[in-house]
Amino acid sequence: MHTRQAIRQKVVELMEADTGESYADIEDAMNLRSELGLDSVDVVSIVSNVERYYRIRLAQQDLEKLTTFGDVLDLLELKLREVGASQAA
């Protein structure tokens, strides 16, 4: 089971590896673009790394809704729960 804290740590780790920036003080309400300085290429690259790490696929329509870091965590929690439920069935 993936806890929100574990997901947060992994996403921050992937973001730091991808961008070379430190996100030690990241908060859920922070805007991906204006507060974290991520452009669309950064977001696509990070999402690709997240998908590869968790072995999931995120739909384009879900990605378009991502505005804050908390949105990313919410989406990953949901997708990982869905994957866990389908594997348990």
Side-chain angles (χ1 to χ4, degrees):
M1 189 65 168
H2 302 281
T3 65
R4 188 175 182 91
Q5 186 59 31
I7 295 168
R8 169 189 292 279
Q9 287 176 326
K10 180 47 72 176
V11 173
V12 167
E13 180 183 311
L14 292 170
M15 287 171 59
E16 289 176 343
D18 195 68
T19 66
E21 300 291 327
S22 173
Y23 297 101
D25 298 325
I26 197 166
E27 296 177 18
D28 285 8
M30 289 182 153
N31 185 286
L32 296 172
R33 287 167 180 78
S34 65
E35 292 179 272
L36 298 177
L38 302 175
D39 62 22
S40 58
V41 174
D42 292 328
V43 172
V44 167
S45 179
I46 292 164
V47 165
S48 175
N49 289 330
V50 166
E51 288 178 325
R52 195 171 312 118
Y53 179 80
Y54 286 111
R55 297 177 185 215
I56 58 173
R57 276 280 173 226
L58 302 174
Q60 184 64 34
Q61 61 265 30
D62 291 333
L63 299 178
E64 291 169 359
K65 299 174 190 170
L66 299 179
T67 304
T68 66
F69 185 67
D71 293 340
V72 174
L73 298 179
D74 292 343
L75 176 60
L76 289 175
E77 277 186 306
L78 176 68
K79 292 298 181 184
L80 292 171
R81 249 193 326 266
E82 289 174 357
V83 168
S86 69
Q87 289 176 347

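Any value given below was found using the heavy atoms of this structure, including those in side chains, with hydrogens, waters and symmetry copies removed. Predicted model, so just to flag it, every value in this text is computed and none were measured.
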Quiz item: Excluding sequence neighbours, so at least two apart, what forms side-chain hydrogen bond (donor to acceptor under 3.5 Å, both in side chains) with Glu21?
Solution: none
Table please: side-chain donor-acceptor pairs of residues 5-14 below 3.5 Å, with sequence neighbours left out.
{"from": "Arg8", "atom 1": "NH2", "to": "Asp28", "atom 2": "OD1", "distance (Å)": "2.2"}
{"from": "Lys10", "atom 1": "NZ", "to": "Glu13", "atom 2": "OE2", "distance (Å)": "2.6"}

Quiz item: Going from CZ on Arg57 to CG on Asp62, what distance comes out if it is rounded to the nearest 0.5 angstrom?
Solution: 13.0 Å
Exercise. Group every Ile, Leu, Val, Met, Phe, Trp and Tyr by side-chain heavy-atom contacts under 4.5 Å, then state whether Val72 and Ile56 land in the same group.
Key: yes
Quiz item: At what distance, to the nearest 0.5 angstrom, does CD1 of Ile26 lie from CG of Leu73?
Solution: 8.0 Å
Quiz item: Taking only residues two or more places apart in sequence, or in another chain, which ones meet Ala17 in a side chain to side chain contact (heavy atoms under 4.5 Å, CB included)?
Solution: none
Quiz item: Residues in side chain to side chain contact (heavy atoms under 4.5 Å, CB included) with Val47, at least two apart?
Solution: Val43, Glu51, Leu58, Leu63
Quiz item: Which pair of non-hydrogen atoms, one from Ile46 and one from Met15, has the smallest distance, and what is that distance?
Solution: CD1-CG, 3.7 Å
Quiz prompt | Residues forming a side chain to side chain contact (heavy atoms under 4.5 Å, CB included) with Ser22, sequence neighbours excluded | solution = Glu16, Ala24
Exercise. Could you name each residue pair satisfying ring-ring contact (aromatic ring centres under 6.0 Å, His included) that touches residues 28-67, not counting sequence neighbours?
Key: His2-Tyr54
Quiz item: Do you know which two heavy atoms are closest between Arg33 and Asn31, and how far apart they sit?
Solution: N-OD1, 2.8 Å
Practice problem: Name all residues meeting the salt bridge (charged side-chain N to carboxylate O under 4.0 Å, His left out) criterion together with Glu27; count only those two or more places apart in sequence or in a different chain, and write none if there are none. | Solution: none
Practice problem: Name all pairs fulfilling the side chain to side chain donor-acceptor pair (under 3.5 Å) condition that reach into residues 36-45, sequence neighbours left out, sorted by first residue then second. | Solution: Asp18-Ser45
Exercise. Please list, chain by chain and in numerical order, all residues satisfying side-chain hydrogen bond (donor to acceptor under 3.5 Å, both in side chains) with Thr67, sequence neighbours excluded.
Key: none
Exercise. Name all pairs fulfilling the salt bridge (Lys or Arg N to Asp or Glu O under 4.0 Å) condition that reach into residues 63-78, sequence neighbours left out, sorted by first residue then second.
Key: Arg4-Asp74, Arg4-Glu77
